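On a predicted model such as this, the values are computed, not experimentally measured, just so you know. Quick note on labels: first sequence line is chain A, next is B, and so on, each numbered from 1.
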2 protein chains.
Amino acid sequence: MLRGLVASRVTIVDVARAAGVSTSTASVALRGERGVSEATRERVAETAARLGYRVDHRARLLREHNPRAVGVTFSPAQSFHADVVEALYEAAAPAGVDLVLSAVTTSRGVADAVESLLRDRCSALVLVSPDVEGEVLAGWAASVPVVALASPLAVAGVATVATDERAGMALAVDHLVERGHREIVHLDGGDGVMTAQRAAGFRTAMRAHGLDPRVERGGTTEEAGIAAAERLLTASARPTAVVAYNDMAAIGLLLTLRASGIDVPGDLAVVGYDDTRTAALSTIGLTSVSQDPRALAEVALRRLATRADRDALRSSAVPGTSADPDRASDDATAEVGVVTIQPHLVARQTSGSSR
Amino acid sequence: MLRGLVASRVTIVDVARAAGVSTSTASVALRGERGVSEATRERVAETAARLGYRVDHRARLLREHNPRAVGVTFSPAQSFHADVVEALYEAAAPAGVDLVLSAVTTSRGVADAVESLLRDRCSALVLVSPDVEGEVLAGWAASVPVVALASPLAVAGVATVATDERAGMALAVDHLVERGHREIVHLDGGDGVMTAQRAAGFRTAMRAHGLDPRVERGGTTEEAGIAAAERLLTASARPTAVVAYNDMAAIGLLLTLRASGIDVPGDLAVVGYDDTRTAALSTIGLTSVSQDPRALAEVALRRLATRADRDALRSSAVPGTSADPDRASDDATAEVGVVTIQPHLVARQTSGSSR
DNA sequence: TTGTAAGCGTTATCAG
DNA sequence: CTGATAACGCTTACAA
């Protein structure tokens with residue numbers, strides 16, 4: 001028989017024949033399941049390596065009805081998403097979960113990204129800050145377990161894993177008030193998914209201190225921060241501190257202020273949100289609220305796992321005895337659930353913390 | 001973990017039965033191929049929609065064996081990669097190809113990313129600036145068409161689509177020389193994939209002007225730029241201009257210089273590489289060499305298409321083996337090779353172009 | 001125009 | 001411990 005022109009056409013049948021065993025034996029041996037002798041296993045493994053055999057994930061998934069592939073949608077342009085994706089990989093590897101990424105771009109909405117993932121028969125979906133209506137989300141959740149990550153959506157049937165935005169904003173406000181600030185402005189996220197939550201958290205935190213919460217319209221990009229800085233520079237009444245919607249906006253703001261000779265934090269303090277890699281740069285030194293991507297990622301995958309187990313077990317008791325943070329709320333609300341991750345503040349130069 | 005999950009229970013058999021036709025008719029109708037009456041097609045389509053049917057991509061690909069899925073590896077942390085990924089999606093959509101993304105992170109090398117893509121039986125691979133040996137690349141290329149995007153590697157059997165780095169560096173140097181600079185330093189990319197190419201391009205361009213090419217060790221991150229700036233500030237002989245390896249390093253450098261009261265471009269001009277979104281921000285205003293991600297993406301996908309066509313033809317007509325060294329290398333040099341995209345310079349404030 | 005049947009590469013079941 | 005055999009959901013000759 002002709003040797004395949006393409007090496008990837010080596011199938012398990014070829015391996016089995018070359019090793020002198022049946023395909024089922026080869027399959028078992030290759031997967032490391034018990035049921036074959038050590039000698040056979042070694043021979044099969046060696047043959048497979050020699051032939052350059054690689055399992056066809058598609059065929060396997062087609063046969064097994066319990067795929068391990070989790071689909072992820074994210075926006076490459078958002079640096080926070082990049083951090084989350086990295087964290088997801090870190091959390092997925094030890095769990096033996098395969099990640100399939102699908103990007104959301106200007107020309108490609110969340111729906112397109114999800115459709116492509118669903119066609120690939122991902123067993124579950126993790127949507128990073130999806131910009132969709134709750135109903136749409138619920139629609140997807142009908143066919144596959146869905147986790148909305150870093151999202152304000154609380155929809156029946158979908159698990160939400162998000163930062164406690166109220167606490168995050170309180171962290172920022174308290175930090176500034178402690179340092180004597182009273183005139184604090186929040187530059188909101190404009191069309192950002194979390195805009196309402198963060199603005200609300202800001203207002204609550206300010207009022208708790210008996211302060212007047214001033215919120216200005218901003219956005220999610222550096223450009224929005226730059227525009228805000230320009231408005232701020234020409235305004236009559238300038239605040240003493242600004243809490244931005246995210247780090248990207250905060251950095252745009254910060255750089256423009258500095259370029260205009262404003263002393264940060266002397267004349268004006270700036271606090272960001274997300275604690276991205278850029279915020280930590282020594283020349284930026286942006287104080288920021290950290291969303292803890294690793295915790296978000298871990299809990300998201302764990303929730304998928306528990307939901308999957310429950311689906312499989314149906315009515316039998318769950319034997320888990322861990323004291324996981326998501327445990328309580330998971331039991332309490334059988335079907336939905338918003339698991340909340342506590343943020344923490346990383347104090348740097350822009351709030352006058354470590355000059 | 002993740003057991004017992006079924007993405008969608010509705011199969012084409014269900015649709016066919018519900019519509020009162022055979023599965024093959026349903027298949028043909030759903031794919032919009034000719035061979036069924038308009039009435040039947042409509043009935044099947046309607047039934048499918050009502051039942052919430054979705055094709056199982058994996059089963060389809062398993063059967064067709066002519067998959068249209070292209071695997072892509074990239075690093076979420078590199079902003080240039082994000083630009084390329086967006087451009088790839090833009091180029092893929094009209095061509096009707098599906099993209100499958102696989103990230104390269106600190107804990108996950110290119111090899112891991114590629115293995116996962118290969119298990120998914122991607123028909124082809126696009127590796128964005130892969131950090132691997134040529135031999136490894138050639139190994140993958142044996143089983144699937146591979147395009148190395150924005151890579152210096154020129155390996156037999158692998159198509160490379162890259163920016164003309166010599167031209168890019170010449171653009172930067174010429175631009176600075178035109179503005180009267182003669183003491184120009186190149187901050188190289190350290191471990192970056194393109195370090196050797198860009199440094200060589202810099203040297204050539206400088207010598208063409210009769211100037212002494214000074215190259216300093218840098219890196220691919222903002223941190224590297226910051227470190228370089230600190231060295232520069234304390235150095236005895238300071239150049240009048242710096243060409244950085246990429247925008248990230250250039251921006252780290254730029255911000256640190258500005259924070260230290262250095263006038264850019266007055267005291268020192270800075271030029272970056274990649275023309276990332278950040279470089280264009282009004283407060284950054286970084287002059288940069290643009291790699292044109294859209295052109296890179298389009299050409300990469302086009303090369304894959306032509307290569308795939310040729311493979312299809314050859315496997316059906318020529319019963320040769322790939323073990324023939326002469327033939328193989330002949331073919332390789334004939335159909336692969338390096339396609340070069342011309343870069344262009346985007347002049348902004350940091351080189352004193354549009355003050 | 002439509003239906004029947006044979007796989008694609010894998011794993012699961014149930015015999016030896 | 002090992003080996004036939006039947007799916008998984010889909011496409012595609014080939015028949016009707």
Side-chain angles (χ1 to χ4, degrees), chain A residues 4 6-44 48 51-69 98 118-123 143, chain B residues 3-44 47-48 51-69 118-123 143 315-316:
Chain A
V6 179
S8 70
R9 294 214 61 68
V10 178
T11 79
I12 198 170
V13 179
D14 301 325
V15 175
R17 192 164 32 209
V21 295
S22 74
T23 56
S24 30
T25 301
S27 174
V28 172
L30 253 24
R31 272 174 298 151
E33 269 190 24
R34 50 175 219 168
V36 297
S37 68
E38 203 45 54
T40 311
R41 158 156 309 141
E42 222 162 88
R43 186 154 39 91
V44 172
L51 264 43
Y53 167 75
R54 208 138 25 199
V55 15
D56 189 330
H57 215 217
R58 265 203 229 71
R60 163 179 287 180
L61 261 35
L62 183 60
R63 182 60 242 240
E64 289 181 340
H65 245 288
N66 54 341
R68 290 164 170 265
D98 247 17
L118 252 25
R119 272 198 304 275
D120 279 345
R121 283 299 185 273
C122 287
S123 66
S143 39
Chain B
R3 321 184 53 167
L5 286 175
V6 181
S8 165
R9 292 205 163 282
V10 184
T11 78
I12 198 171
V13 180
D14 302 323
V15 174
R17 192 163 34 207
V21 296
S22 74
T23 58
S24 45
T25 303
S27 173
V28 171
L30 287 170
R31 270 174 301 147
E33 270 190 23
R34 52 177 214 167
V36 295
S37 67
E38 203 44 54
T40 314
R41 158 157 309 139
E42 222 163 87
R43 188 153 39 92
V44 171
T47 314
L51 265 43
Y53 168 76
R54 220 172 257 129
V55 294
D56 189 330
H57 212 226
R58 318 196 99 109
R60 163 181 285 180
L61 265 34
L62 182 59
R63 180 62 240 247
E64 279 185 338
H65 221 291
N66 181 23
R68 261 354 239 134
L118 252 25
R119 274 197 303 272
D120 279 344
R121 283 299 186 272
C122 286
S123 67
S143 29
S315 58
S316 61

Distance criterion of 3.5 Å, no angle test: do you see the side chain of B:Ser24 paired donor-to-acceptor with the base of C:dT4?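 Counting by modelled atom types and ignoring angles, a donor-acceptor contact under 3.5 Å is found here.
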
What about B:Arg63, does its side chain sit under 3.5 Å from the base of D:dT11 through a donor-acceptor pair?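 In this structure, the two groups form a donor-acceptor pair.
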
Without swapping roles, check the side chain of [X] against the backbone of [Y] for a donor-acceptor pair under 3.5 Å.
X	Y	value
B:Arg54	B:Val10	no
B:Arg17	B:Thr23	no
A:Arg31	A:Ser27	yes

Tell me which nucleotide among [options] gets nearest to the side chain of [X].
X	options	answer
A:Leu62	D:dG9, D:dT12, D:dA6	D:dG9
B:Arg31	D:dT11, C:dA12, D:dG3	D:dT11
B:Asp56	C:dT2, C:dT11, D:dG9	D:dG9

Minimum heavy-atom distance A:Val36-A:Val28, with the two atoms named: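 Nearest pair, atom of A:Val36 first, then A:Val28: CG1-CG1, 3.9 Å.
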
Please compare B:Ala59 and B:Thr40 by the position of their nearest nucleotide in DNA chain C and report the one closer to 5'.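 Looking at the nearest nucleotide for each, B:Thr40 comes out on the 5' side.
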
Please determine if a side-chain N or O atom of [X] lies less than 4.0 Å away from the OP1 or OP2 oxygen of [N].
X	N	value
B:Thr25	C:dT2	no
A:Thr11	C:dG9	no
B:Ser27	D:dT11	yes

Check the distance between [N]'s [atom2] and [X]'s [atom1] and give it to me in whole angstrom.
X	N	atom1	atom2	result
A:Asp14	C:dT10	CG	P	9 Å
A:Arg54	C:dT10	CZ	C1'	17 Å
B:Leu30	D:dT12	CG	P	13 Å
B:Leu118	C:dG9	CG	P	15 Å
A:Arg17	C:dG9	CZ	P	11 Å
B:Arg43	C:dT1	CZ	C1'	12 Å
A:Tyr53	C:dT11	OH	C1'	10 Å
B:Leu51	D:dG9	CG	P	14 Å

Tell me which of A:Glu38 and A:Thr23 sits closer to the 5' end of DNA chain D, going by the nucleotide each one is nearest to.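 On the 5' side of the pair lies A:Glu38.
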
Less than 4.5 Å apart, side chain to side chain, heavy atoms only: is that true for B:Val21 and B:Val44?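 Sidechains of B:Val44 and B:Val21: in contact.
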
What's A:Ser37 touching, base or sugar-phosphate or nothing? Going by heavy atoms closer than 4.0 Å.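 Sugar-phosphate, no base atom in range.
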
Assign A:Val28 to base, sugar-phosphate, or nothing according to its heavy-atom contacts below 4.0 angstrom with the strands shown.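 No contact at all - A:Val28 keeps every heavy atom at 4.0 Å or more from the nucleic acid.
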
